[in-house]
Amino acid sequence: MARRRPHLVLLLGTLALVGLLAAACRPIAVGGGAVGKGRGPKVTINQIQVLASHNSYHVEPEPALLMALRAALGAAADGFEYTHRPLAAELDAGVRQVELDVFVDDPAGGRYAHPKLVPLLGLDPVDPALAGPGLKVLHVQEVDYRSTCPTFVDCLGDIRGWSRDHPGHLPITIQIEAKDDVIPDPTGLGFVQPLPWTAPDLAALEAEIHAVFGDEAIISPGDVKGHSRSLADAVRKGRWPTLDEARGQVMFVLDDKGAKRDAYRAQVPDVDDRLIFVDVPPSDPDAAVMVVNDPIGDGGRIHDLVAQGFIVRTRADADTVEARTGDTSRRDAAFASGAQYVSTDYVFPDGDFGTGYVVDLPGTGAARCNPVNAPKRCFKADLSG
């Protein structure tokens, strides 16, 4: 048997030691690149409750426009009278689900860049970004169009920037409402009407998502389904990612129960290939995330869906009603329902109506253990981020 040379033995031993040290010091990639920090018991993302914001981009119309809208719409114009801070400020405040209303624009852009009431009422010009190409984010064309991030890519970029600045954050869900509602034009001014969503537009929606977020940063329906026979089956068996696995990532949900949802499913028929979760009944094999906005009338239904493993978004307030009256019954019902996302227009206290109405997540941190389905080990988990 040949004898090893002393210098060769020393070299091999040194290489082995270096390898062991490198393995011990190597960061563990979780949540789209976040570093694992040994955050405690395994709790899945459907077993917590977080704060969400409604129409997260929204800036209320200026006084002259709001006065004109009240003259035309009456009390219905009250629903426009709220403003959100920029997305990064909402995320700083603990919001972990945002909502974006997305419109299809003309190929060269500019469809929504010239509201007819701007020159008539002497209003400030719209954001120049509305004149460019790409999907747009606003509430109602012509009458409620101010936005903290006027393009879809702008909004996603704001979220991506915040995410990079806060590695290891809890996952952020981005709820998309694909809007194309026609509005009345009683004055005959020639109000611009939105373009209807088509299958190619939904493909463009995914392309704009991919322009900002890589696959490694996105929790997709296929990630949750895994090897289960369906997405709904995986959800009922508790196969959502753990908080540690999901840290640093985002998730997308399409808030539409009709033709646009069906067009997206037809465009991407295999759930494993989708970037976006769809809202379908719990009996559907693609069921996972649902929007149920009335926690008082549908509180029992929300409770049952959460208990089955589904993720639900509900609303703590709507149309500035609660902020004007100070009534917290809807807010309290939303938290008690177990809905994982409790959405509000008042992440920060109301400053307009004198009630100080606000929606604060009970407890401290960006999340709390879900009151319906959290396991006992959740109370030892790190819910920060």
Side-chain angles (χ1 to χ4, degrees), residues 43-58 79 82 84-85 87 89-100 159 169-177 240 243 246 250-253 255 277 279 288-323 325-350 355-374 378 381 383-385:
V43 174
T44 52
I45 64 173
N46 68 312
Q47 294 175 332
I48 61 172
Q49 190 174 65
V50 300
L51 192 63
S53 58
H54 162 256
N55 290 350
S56 310
Y57 59 87
H58 188 264
Y82 65 95
H84 282 298
R85 299 183 191 182
L87 295 180
E90 294 184 47
L91 295 169
D92 282 341
V95 167
R96 292 297 176 267
Q97 194 249 14
V98 300
E99 179 186 18
L100 305 175
I159 295 167
H169 63 78
L170 293 174
I172 300 165
T173 296
I174 301 161
Q175 180 175 310
I176 298 166
E177 185 173 351
W240 287 104
L243 296 184
V250 295
M251 186 167 81
F252 292 89
V253 178
D255 179 13
F277 290 84
D279 185 352
V289 184
M290 300 165 195
V291 177
V292 185
N293 282 329
D294 181 4
I296 294 179
D298 290 321
R301 178 182 167 216
I302 295 172
H303 182 286
D304 291 345
L305 290 169
V306 171
Q308 290 179 58
F310 297 105
I311 286 179
V312 179
R313 180 261 203 177
T314 196
R315 290 184 65 178
D317 44 74
D319 302 322
T320 73
V321 171
E322 287 75 15
T325 63
D327 183 7
T328 62
S329 56
R330 181 169 176 161
R331 180 192 71 186
D332 298 341
F335 283 128
S337 73
Q340 287 87 351
Y341 307 138
V342 176
S343 181
T344 180
D345 290 323
Y346 297 93
V347 174
F348 301 96
D350 157 64
T355 65
Y357 176 84
V358 67
V359 177
D360 282 327
L361 187 72
T364 59
R368 72 163 180 163
C369 295
N370 192 289
V372 170
N373 69 352
C378 178
L383 302 183
S384 64

task = Return the minimal non-hydrogen interatomic distance between A366 and L170, and the atom names on each side.
result = CB-CD1, 4.0 Å
task = Taking all non-hydrogen atoms of both residues into account, name the closest pair between D319 and R315 and its distance.
result = N-NH2, 4.1 Å
Contact summary for G299 and S337, nearest pair of heavy atoms = O-CB, 4.3 Å
query = Does the side chain of N55 come under 3.5 Å of the side chain of Y82 through a donor N or O and an acceptor N or O?
reply = yes
task = Taking the side chain as every heavy atom from C-beta outward, state whether L87 and E90 have any atom pair closer than 4.5 Å.
result = yes
query = Does R368 offer a backbone N or O that forms a donor-acceptor pair with the side chain of Q49 under 3.5 Å?
reply = no
query = Going from CD1 on I302 to CZ on R313, what distance comes out if it is rounded to the nearest 0.5 angstrom?
reply = 10.5 Å
query = Does R85 make a cation-pi contact with F348, if we ask for NZ or CZ under 6.0 Å from the ring centre and within 45° of the axis?
reply = yes
key: Any donor-acceptor pair under 3.5 Å from W240 side chain to F310 backbone   = no
ask   = Where do V359 and F335 land on the side-chain contact (heavy atoms from CB on, under 4.5 Å) test, with the steps shown first?
value = CA-CA 10 Å; V359 177; F335 283 128; 3.6 Å; yes
query = Hey, are Q47 and N370 close enough side-chain-wise for a donor-acceptor pair under 3.5 Å?
reply = no
request  = Output the distance between atom CG (D298) and atom CE (M290), rounded to the nearest 0.5 Å.
outcome  = 12.5 Å
ask   = Between the side chains of E99 and S56, is a donor N or O closer than 3.5 angstrom to an acceptor N or O?
value = no
ask   = Hey, mind stepping through I159 and V98 against side-chain contact (heavy atoms from CB on, under 4.5 Å) and telling me if it holds?
value = CA-CA 10 Å; I159 295 167; V98 300; 3.9 Å; yes
ask   = Is there a donor-acceptor pair under 3.5 Å between the side chain of T355 and the backbone N or O of T325?
value = no
key: Nearest-0.5 Å distance, CG of residue N373 to CD1 of residue I48   = 10.0 Å
key: Side-chain heavy atoms of R330 within contact of P295, under 4.5 Å   = yes
Step-by-step side-chain contact (heavy atoms from CB on, under 4.5 Å) determination, T173 to R96 = CA-CA 6 Å; T173 296; R96 292 297 176 267; over 6 Å; no
Smallest separation among heavy atoms of V358 and P349, with atom names = CG2-N, 3.6 Å
message = Checking side-chain polar atoms at under 3.5 Å, does Y357 have a donor or acceptor matched by the opposite partner on T328?
response = no
request  = Indicate the atoms forming the closest heavy-atom contact of T314 with A339, along with that distance.
outcome  = CG2-CB, 3.5 Å
inquiry  = With rounding to the nearest 0.5 angstrom, report the CG to CG distance, L51 to D360.
reply    = 7.5 Å
inquiry  = Taking the ring centre of each residue, are Y57 and H84 less than 6.0 Å apart?
reply    = no
query = Quick one: CG on L100 to CZ on F252, what's the gap to the nearest 0.5 Å?
reply = 8.5 Å
inquiry  = Between T344 and D317, is there a side-chain donor-acceptor contact under 3.5 Å, judged purely by atom types and distance?
reply    = yes
ask   = Quick check: does any side chain N or O of D279 sit under 3.5 Å from a backbone N or O of V291, one acting as donor and the other as acceptor?
value = yes
task = For residues L383 and C378, report the shortest heavy-atom separation together with the two atoms involved.
result = CD1-SG, 4.3 Å
request  = Without swapping roles, check the side chain of Q340 against the backbone of V312 for a donor-acceptor pair under 3.5 Å.
outcome  = yes
task = Could you go through the side-chain contact (heavy atoms from CB on, under 4.5 Å) check for L243 and I45 one step at a time?
result = CA-CA 6 Å; L243 296 184; I45 64 173; 3.9 Å; yes
